[in-house]
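This structure is a prediction, so every number in the text was calculated from the model and none was measured. Remember, it's 1-based here, ligands and their atoms both numbered in the order they're listed.
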Amino acid sequence: MKSIIFKAAHEPLFFLEKEKPTPTAGEILVKIKASALNHRDVWMTKGLYPNLKADTILGSCGAGMAGDQAVIINPNVNWGNHLDYPDHSQYTILGMPTDGTFAEYISVPKNRLIARPEHLSWEEAAALPLAGMTAYRALFTKARATQKDKILISGIGGGVALMAFQFAVAIGAEVYVTSSSEEKIEKAIGMGAKAGANYKEEKWSKSFLKKYGGVDVVIDSAAGDGYGDLLKVLNPRGRIVNYGGTRGTAKINPQLLFWKELEIYGSTMGNDLEFENMVALVNQYKIKPVVDTVFDYSDFAAGFEKMEKGKQFGKIVFRWR
Ligand SMILES: NC(=O)c1ccc[n+]([C@@H]2O[C@H](COP(=O)([O-])OP(=O)(O)OC[C@H]3O[C@@H](n4cnc5c(N)ncnc54)[C@H](OP(=O)(O)O)[C@@H]3O)[C@@H](O)[C@H]2O)c1
């Protein structure tokens, strides 16, 4: 079978014809129809991800056929017994160090599969698992977001950010966005955002507060120099959740934290129950993950390049024939 292989950091990924995997006890073979890129795949090629293993098939997200069942794959591998946090002595994510979804076939434990929501295409279904689960835990479990909250999602072009945005809009919350691109802000407004701000503009938080007032919840994956602005737009008792740190170390003004009684949370992926609840939410509201571009699997390098440049609005998907 054709597969996209990681050799080592800073070396190009390459195609390999590999043996179709043979399911062991409790496993099942899935014929992949589509798989989706996540930023972790890009971090790995740059050596910015821990525990890299040579000759691994990358890819955490996939949708395909298990026998005659259309399925999506839960990318959690061994979350552990605590719902509150993954057991890092055993927890990994599909696609490193275990072989992932960037191949024609994958063998996974049967309990990793859930029926593909019927309203989703293969590409939309492949876009859902990792981004959907991460967004669900950050928004609902950690931020405890409800319809009554004013919510700001930063960096709306991102795959997880867009899923969190769609979930927040679906439950009827008032949702705002930030982005480096006016075009992406306009797209979000077209999808139900109240308004947006360009985080590249200096003092954007000041004009945001003046125009729209404060927010109750911020969902962020950037951190870095702009973090202070996110704390500024939070209302008293506001909650900010970080599931990523794309822009590195954040500078925090402690006065803002204690004066406004702010709450900061970290969030990683989601447990299996959150995965099931996320898919149920997607089914209930007929949410369709936003797919930016579909590349034929043979064009995978173009997909990686697009994500590296941050040009996307939504998920980058590979289609397998
Ligand atoms: N903890 C977890 O379980 C988990 C799970 C998934 C992802 N992550 C991490 O979360 C991050 C995003 O992942 P992803 O897959 O959604 O990536 P992605 O699709 O590549 O999204 C990246 C987005 O980050 C936004 N961004 C860049 N600089 C920013 C800044 N200074 N302020 C606000 N937004 C900024 C950009 O938004 P605009 O284009 O709108 O400017 C960009 O589109 C990555 O660091 C990833 O490793 C963690």
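- For ligand 1, the protein residues placed under 4.0 Å by at least one non-hydrogen atom are His39, Trp43, Leu130, Thr134, Gly155, Ile156, Gly157, Gly158, Gly159, Val160, Ser179, Ser180, Lys184, Tyr199, Ser221, Ala222, Tyr243, Gly244, Thr246, Arg247, Ser267, Thr268, Met269, Met307, Gly310, Gln312.
- Residues satisfying the salt bridge (charged side-chain N to carboxylate O under 4.0 Å, His left out) test with Lys288, not counting sequence neighbours, are none.
- Using a 4.5 Å cut-off between side-chain heavy atoms of Ile, Leu, Val, Met, Phe, Trp and Tyr, Ile264 falls into a hydrophobic cluster with Leu152, Tyr176, Tyr199, Trp204, Phe208, Leu209, Tyr212, Val215, Val218, Tyr227, Leu230, Leu231, Val233, Leu234, Ile240, Ile252, Leu256, Leu257, Leu262.
- Screening residues 124-134 for side chain to side chain donor-acceptor pair (under 3.5 Å) gives Ser121-Glu124 as the qualifying pairs, with residues at least two apart or on separate chains.
- Here the two rings, on Phe15 and Phe300, have centers that are under 6.0 Å apart.
- Between the side chain of Asp216 and the backbone N or O of Gly238, no donor-acceptor pair lies under 3.5 Å.
- Judged purely by atom type and a 3.5 angstrom limit, Lys142 uses its side chain to pair as donor or acceptor with the backbone of Gly266.
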